Amino acid sequence: SVASRGRGDVYKRQARVFAATGKREEAAKRLIAFARDSTDGTGQDHRAVARELVHMGLEPYAISGYRRAVERGGSDQAAAMRELADLLIRKNDEQALAEARELYRKLWNMDRMDLAVGCAYARLLVLNRTLEEAAQVRDVLLESHGRNVETLVLSAQVAAASEERAVAE
C-alpha cells in the first residue's frame with residue numbers, strides 16, 4: 001500500500017512517470033518541492049529524493065534534500081551525511097567545504113574505523129591547513145588499517161602540506 005511506502009518513494013515514482021512521458025520539468029518540480037518544502041517524510045524519504053535529484057543533475061536542490069534527511073535522522077542518517085558532504089565537496093566553495101568538514105568530523109567521531117570517512121576528513125583538514133589534526137586522523141588510520149594505498153596516499157598528502165607550511169614559515 002501507498003501508506004507503507006515512504007513518501008520519497010512515491011515522489012520518485014511520480015517523477016519517473018513524468019520523466020518517462022517526456023515531462024522532465026514536471027518531474028523535477030515535484031522532487032524539488034519535496035526536497036525544499038516538505039515538512040513530512042522520513043530521513044530515508046528525503047535521501048531518496050535527494051539521490052534522484054543528483055541523478056537528474058540538480059545538485060543544488062539535492063543539497064536541500066540531503067540536509068532534510070540529516071535533520072530527520074533515521075537508520076541511514078550517516079549515509080545521508082556522507083552523500084551530502086561529498087556533494088558539498090564537489091561544490092568547492094569555502095562555506096560548502098566547511099560544512100563538509102563538519103559533517104565528516106561527526107562521521108569520524110561516530111566510527112573511527114571507517115577508512116573512507118577518515119581519509120575524506122583528513123583531506124578536508126589538510127585543505128583547511130589543520131595539519132596537526134589531519135596527522136592525528138592519519139595516525140589512527142595507520143594503526144587500525146595498516147599501510148595500504150589509501151593510508152600511504154593520505155600520509156604523503158599530510159607530509160607535503162606540512163612541508164609546504166614549514167617552507168612558508
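Predicted model, so just to flag it, every value in this text is computed and none were measured.
Atom OH of Y121 and atom CG of L107 lie 10.5 Å apart (nearest 0.5 Å). One finds the CD1 atom of I32 at 9.5 Å from the CD atom of E25 (value rounded to the nearest 0.5 Å). To the nearest 0.5 angstrom, E133 atom CD is 6.5 Å from Q136 atom CD. With values rounded to the nearest 0.5 angstrom, D86 atom CG is found 9.0 Å from Y66 atom OH.
Scanning all heavy atoms of the two residues, the minimum distance from V126 to L131 falls at CA-CD2, 4.0 Å. When all heavy atoms of G118 and V137 are compared, the closest pair comes out as O-CG1, 3.4 Å. When all heavy atoms of A122 and A134 are compared, the closest pair comes out as O-CB, 3.8 Å. In terms of heavy atoms, I89 sits closest to Y104 at CD1-CE1, 4.0 Å. Across G65 and A50, no two heavy atoms sit closer than the pair C-CB, 3.9 Å.
A 4.5 Å side-chain heavy-atom check between W108 and D114 finds every atom pair outside the cut-off. Counting heavy atoms from C-beta on, the side chains of Q95 and L88 never come closer than 4.5 Å. Side-chain contact between V117 and D111 is absent, with no heavy-atom pair separated by less than 4.5 Å. Taking 4.5 Å as the limit, some side-chain heavy atom of L97 sits within range of a side-chain heavy atom of L124. Within the 4.5 Å cutoff, the side chain of Q77 has heavy atoms near those of the V70 side chain. In this structure, E99 and L84 have side chains that are in contact, with non-hydrogen atoms separated by less than 4.5 Å. Counting only heavy atoms from C-beta outward, the side chains of M81 and K106 approach each other to under 4.5 Å. Counting only heavy atoms from C-beta outward, the side chains of V153 and R123 approach each other to under 4.5 Å.
The cluster map of Ile, Leu, Val, Met, Phe, Trp and Tyr, joined by side-chain heavy atoms under 4.5 Å apart, puts L103 and L87 in the same cluster. Under the 4.5 Å side-chain heavy-atom criterion for Ile, Leu, Val, Met, Phe, Trp and Tyr, V54 and M56 are members of distinct hydrophobic clusters. Clustering ILVMFWY residues whenever any of their side-chain heavy atoms sit less than 4.5 angstrom apart, transitively, puts L141 in the very cluster that holds M110.
For E83 and R47, the salt-bridge test passes: some basic side-chain N is under 4.0 Å from an acidic carboxylate O.
A donor-acceptor pair under 3.5 Å is formed between the side chain of D45 and the backbone N or O of T42. Under a 3.5 Å cut-off, the side chain of R112 and the backbone N or O of V140 do not form any donor-acceptor pair. Side-chain atoms of T151 never come within 3.5 Å of backbone atoms of L142 as a donor-acceptor pair (strictly under, hydrogens ignored). In this structure a side-chain-to-backbone donor-acceptor pair under 3.5 Å is present from D93 to A96. At distances below 3.5 Å, not a single donor-acceptor pair connects side-chain atoms of R101 with backbone N or O atoms of L125. Judged by distance alone, with hydrogens and angles left aside, the side-chain atoms of H46 form no donor-acceptor pair with the main-chain N or O of S64 at under 3.5 Å.
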Derivation of the salt bridge (Lys or Arg N to Asp or Glu O under 4.0 Å) call for R82 and D76: CA-CA 10 Å; R82 183 182 287 187; D76 63 345; over 6 Å; no

Would you check, one step at a time, whether the test side-chain contact (heavy atoms from CB on, under 4.5 Å) holds for N148 with L115? CA-CA 11 Å; N148 61 45; L115 179 63; 4.0 Å; yes

Just do the side-chain contact (heavy atoms from CB on, under 4.5 Å) check on K91 and I63 with the steps written out, would you? CA-CA 10 Å; K91 193 174 174 185; I63 289 171; 4.1 Å; yes

